[in-house]
Amino acid sequence: QVQLVESGGGLVQAGGSLRLSCAASGRAFSSYVMGWFRQAPGKEREFVAYIRRFGISTYYVDSVKGRFTISRDNAKNTVYLQMNSLKPEDTAVYYCAADKKSSGTYDYSEYDYWGQGTQVTVSS
């Protein structure tokens, strides 16, 4: 079993930055693909980014490309999401997730473990 705990959310003005962190328990962290998802009120959960096991490959949804960066530190069992040039439409609860089977996917149903989420609010 893997436990994921997100932190770093908050309220920021449009154009600002936040860095989200997700700390994982357990010794198998480096073997998981790690993803970030978000869910705005009244909307479905949306894929944001994932990073493969050794951080060599990353993948982003088009709406965040060039603004968000996903990274991981396997020695610290932590994955990060650096968010720059934030927009009001980025407002959502952000979740990190761990996938122990695939080589990377944007399909949230493929992820095995989830954190509790952290709120990001971007004011205009």
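Position 1 is the first residue of the sequence, and the numbers go up from there.
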Problem - side-chain contact (heavy atoms from CB on, under 4.5 Å) between Tyr106 and Val48, worked out - result: CA-CA 8 Å; Tyr106 56 84; Val48 176; over 6 Å; no
Practice task
I would like to know whether Arg38 and Tyr94 meet side chain to side chain donor-acceptor pair (under 3.5 Å); could you show each step before the answer?
Solution key: CA-CA 4 Å; Arg38 64 187 180 186; Tyr94 283 70; 2.9 Å; yes
Handout entry: Evaluation steps, side-chain contact (heavy atoms from CB on, under 4.5 Å), between Val64 and Met83
Key = CA-CA 9 Å; Val64 308; Met83 306 186 295; over 6 Å; no
Practice task
Apply side-chain contact (heavy atoms from CB on, under 4.5 Å) to the pair Ser103 and Arg52, showing each step before the final yes or no.
Solution key: CA-CA 7 Å; Ser103 59; Arg52 288 184 169 148; 4.3 Å; yes
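No more than 12 heavy atoms of other residues, nucleotides or ligands lie within 6.0 Å of CD in Gln3, so this atom counts as exposed by the packing criterion. More than 12 heavy atoms of other residues, nucleotides or ligands sit less than 6.0 Å from atom NZ of Lys101.
Between the Glu44 side chain and the Gln39 main chain, no donor and acceptor come within less than 3.5 Å of each other. Between the side chain of Thr118 and the backbone N or O of Gly9 there is at least one donor-acceptor pair closer than 3.5 Å. Checked by atom type and distance alone, the side chain of Asn77 never pairs as donor or acceptor with a backbone atom of Phe29 at under 3.5 Å. Although no hydrogens or angles enter the test, the distance criterion places no donor-acceptor pair under 3.5 Å between the side chain of Asp99 and the main chain of Met34.
Between the side chains of Asp73 and Thr78, not a single donor N or O lies within less than 3.5 Å of an accepting N or O. Side-chain contact, Asp107 with Ser109: a donor N or O sits under 3.5 Å from an acceptor N or O.
Taken to the nearest 0.5 Å, the CD1 atom of Ile70 stands 11.5 Å off from the OG atom of Ser57. Going from atom CD of Glu89 over to atom OG of Ser63 covers 8.5 Å, rounded to the nearest 0.5 Å.
Considering only heavy atoms from C-beta on, Trp114 comes within 4.5 Å of Tyr108 through its side chain. Proximity of Arg53 to Tyr32: side-chain heavy atoms (C-beta onward) are nowhere separated by under 4.5 Å.
Nearest heavy atom pair, residue Ala14 against residue Pro88, reads CB-CD, 4.1 Å. Looking at every heavy atom in both residues, Tyr60 comes nearest to Phe68 through CE2-O, 3.3 Å.
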